[in-house]
Colleague: 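I'd like to ask some things about the structure below.
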Amino acid sequence: MKRDAMQKLIEWKNSKQRKTLIVNGAMRVGKTWLMKHFGEDNYSKVAYISFHGNNRAKAIFDNSFDIKRIILSLQIESKVTIAPEDTLIILDDIHECPKVLESLKYFCENAPEYHVIVSGSQLGLSVKRGISYPVGKVNLLYLYPLTFKEFLQAIGEDPLSQALDSKDYSVIDIFADKYLFNLKNYLYVGGMPEVVNSFVKDHDYDRVRAIQESIIEKIKADFKLYFHGKALFKLNLIFDSIALQLSKENKKFIFSKLKKGARACDFENSIEWLVSSGLVYKVSKVSEPILLLVAYKDFYAYKLFLLDVGLLGAMIGVDPVSIIEDNQLFSSFNGSLAEQYVLQELKAQTTYIPYYFSTRTARYEQDFLLQIENMVVPVEVKISSNLNSPRLKAFYDKFHPEKSIRFSALPFKDQGWMCNYPMYAVCNLSQTSKP
């Protein structure tokens, strides 16, 4: 399986400014696989140590951060002779040994010749528990589920993926039917590596759904490692409600839908845990669609999305029959799958921070707002065959953005006031190209 992050790891290895690398991301997105394969392909030796249930490895970081002592201990634990430059040190599951994070400062200052990658699934939570984060002393890489382009590569459609890279819509639009069919498969399968591997092997939609449901159950089982009693109940209540809340016309997360009389403050810690663990994405509302968007962020109004569109479909109960029916999958459940997909692509393929905008009436409501350079760009996710975009046009007429964007099943078209991007080309809204 190809991952775009592999090239980033190679660039890290060859960088003269290389520091210890933190590979962050939610559980089960393929961090361990990525690190091991990178090490096997690019180094003479790999010293891999997981801290999952490994008390002996944890003890290495209990006493001091003397790097010579740590390296010697890692050699003994991994049974690999560690040499600078030709050995990759992988420290995995460090959320179970947060002191590893503190040690990274000393690797940077006292032993930069060693190539070290660390990874965990709740690293943001470790910092919040009082662990000192090595600011400026590490490089960072965040791993998401497979993107649509990576999915195309996994199913053997490399030329389609390469055509998207070209951004040449005179070529891309010729194969719109192939892109749309593969995109509908992606909306069902999603990007969790275990699920994609199964789909590539068997093309069995029932098997795909069974694995997705298993992943959801494993995620919820992991909750019990960190919470119990009322706190666990709240966490499950929020996680289980996200799919249903996204299926509403108004996708804002409503606490009264959880239980009668529920308030945001009752669930704030649980939501922040889910966001920090990477299992949930939060998209905040802004009160004004003007620069700088972060200054107008509403801390009490937001949408919550899941980690992966395939997992969302499993929780909603999407029927695989919808894959072969014309665009049904895009419009089902009030377009929640399409909006989840666009958000995933924006987070994985760009550096933009998505917000959304709404007013008391739905006239000016926008699915997403992006700050692109010095512009505020409204983004509409169009799920119906109706070509009109009354909300996007109303927003444009009132606020006069320099550019507006619509993602739909239609081919690329620049209409002056608005650019229509095909849904399968969200990746082309990159930092390097002005819309």
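Since the model is a prediction, treat every value here as computed from it, not as a measurement. All values below come from the heavy atoms of this structure, side chains included, with hydrogens, waters and symmetry mates left out.
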Colleague: Only counting residues at least two apart or in another chain, list the ones meeting side-chain hydrogen bond (donor to acceptor under 3.5 Å, both in side chains) with Asp165.
Modeller: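 For Asp165 the side-chain hydrogen bond (donor to acceptor under 3.5 Å, both in side chains) partners, ignoring immediate neighbours, are Lys149.
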Colleague: State the OG-NZ distance between Ser103 and Lys105, to the nearest 0.5 angstrom.
Modeller: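 So the OG of Ser103 and the NZ of Lys105 are separated by 11.5 Å.
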Colleague: Does Leu183 reach the side chain of Phe151, with side-chain heavy atoms less than 4.5 Å apart?
Modeller: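 Contact flag for Leu183/Phe151 side chains = no.
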Colleague: Considering only distance and modelled atom types, tabulate donor-acceptor pairs under 3.5 Å from the side chains of residues 40-47, sequence neighbours left out.
Modeller:
from, atom 1, to, atom 2, distance (Å)
Asn42, ND2, Phe38, O, 2.9
Tyr43, OH, His115, ND1, 2.6
Lys45, NZ, Thr81, O, 2.6

Colleague: Quick one: list whatever passes ring pair (Phe, Tyr, Trp, His ring centres under 6.0 Å) with Tyr356, sequence neighbours left out.
Modeller: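 None.
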Colleague: Quick one: ring pair (Phe, Tyr, Trp, His ring centres under 6.0 Å) partners of Phe305, sequence neighbours excluded?
Modeller: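 Scan of Phe305 (ring pair (Phe, Tyr, Trp, His ring centres under 6.0 Å), adjacent residues dropped) gives none.
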Colleague: Taking the cut-offs as 6.0 angstrom to the six-membered ring centre and 45 degrees off its axis, would you call Lys220 and Phe239 a cation-pi pair?
Modeller: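 Output no; distance or angle outside limits.
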Colleague: For residues 50-61, which residue pairs qualify under side-chain hydrogen bond (donor to acceptor under 3.5 Å, both in side chains), counting only residues two or more places apart or in two chains?
Modeller: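 Residue pairs with at least one partner in residues 50-61: Ser50-Asp93, His52-Glu96, Asn54-Glu77, Arg56-Glu77.
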Colleague: Can you sort out the partners of Tyr114 under ring pair (Phe, Tyr, Trp, His ring centres under 6.0 Å), two or more places apart, ordered by chain and number?
Modeller: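 So Tyr114 forms no ring pair (Phe, Tyr, Trp, His ring centres under 6.0 Å) with any residue.
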Colleague: Under the salt bridge (Lys or Arg N to Asp or Glu O under 4.0 Å) definition, can you give me all pairs with a residue in residues 191-219, not counting sequence neighbours?
Modeller: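 Qualifying pairs, neighbours excluded: none.
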Colleague: Using the test ring pair (Phe, Tyr, Trp, His ring centres under 6.0 Å), find all partners of Tyr169 that sit at least two apart in sequence or belong to another chain.
Modeller: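 For Tyr169 the ring pair (Phe, Tyr, Trp, His ring centres under 6.0 Å) partners, ignoring immediate neighbours, are Phe412.
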Colleague: Does the ring center of Phe368 lie less than 6.0 Å from the ring center of Tyr352?
Modeller: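 Here the rings of Tyr352 and Phe368 have centres that are no less than 6.0 Å from each other.
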Colleague: Just do the ring-ring contact (aromatic ring centres under 6.0 Å, His included) check on Trp273 and Phe223 with the steps written out, would you?
Modeller: CA-CA 10 Å; Trp273 189 91; Phe223 292 169; 5.8 Å; yes
Colleague: Hey, mind stepping through Phe255 and Phe253 against ring-ring contact (aromatic ring centres under 6.0 Å, His included) and telling me if it holds?
Modeller: CA-CA 6 Å; Phe255 289 93; Phe253 196 82; 5.2 Å; yes
Colleague: Provide the full list of side-chain hydrogen bond (donor to acceptor under 3.5 Å, both in side chains) pairs with a residue in residues 293-313, sequence neighbours left out, each pair given once.
Modeller: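 Qualifying pairs, neighbours excluded: Lys303-Glu339.
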Colleague: May I have all residue pairs that pass salt bridge (Lys or Arg N to Asp or Glu O under 4.0 Å) and include part of residues 3-18, sequence neighbours excluded?
Modeller: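 As it turns out, the salt bridge (Lys or Arg N to Asp or Glu O under 4.0 Å) pairs with a partner in residues 3-18, which skip direct neighbours, are Arg3-Glu150.
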Colleague: Just jot down the side chain to side chain contact (heavy atoms under 4.5 Å, CB included) partners of Phe175, sequence neighbours excluded, or say none.
Modeller: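 Phe175 satisfies side chain to side chain contact (heavy atoms under 4.5 Å, CB included) with Leu160, Val171, Lys178, Tyr179 only.
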Colleague: How about Tyr205 and Phe199: are their ring centres within less than 6.0 Å of each other?
Modeller: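 Tyr205 vs Phe199: aromatic centres under 6.0 Å.
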Colleague: Tell me, do Val376 and Leu293 make a side-chain contact under 4.5 Å, heavy atoms counted?
Modeller: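 Side chain of Val376 against side chain of Leu293, heavy atoms only: contact under 4.5 Å found.
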Colleague: So which pairs with a foot in residues 63-72 pass salt bridge (Lys or Arg N to Asp or Glu O under 4.0 Å), sequence neighbours left out?
Modeller: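 Salt bridge (Lys or Arg N to Asp or Glu O under 4.0 Å) check on residues 63-72 returns no pairs.
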Colleague: Do Lys259 and Asp266 meet the salt-bridge criterion of a basic N to acidic O distance under 4.0 Å?
Modeller: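 Result for this pair is no, no salt bridge flagged.
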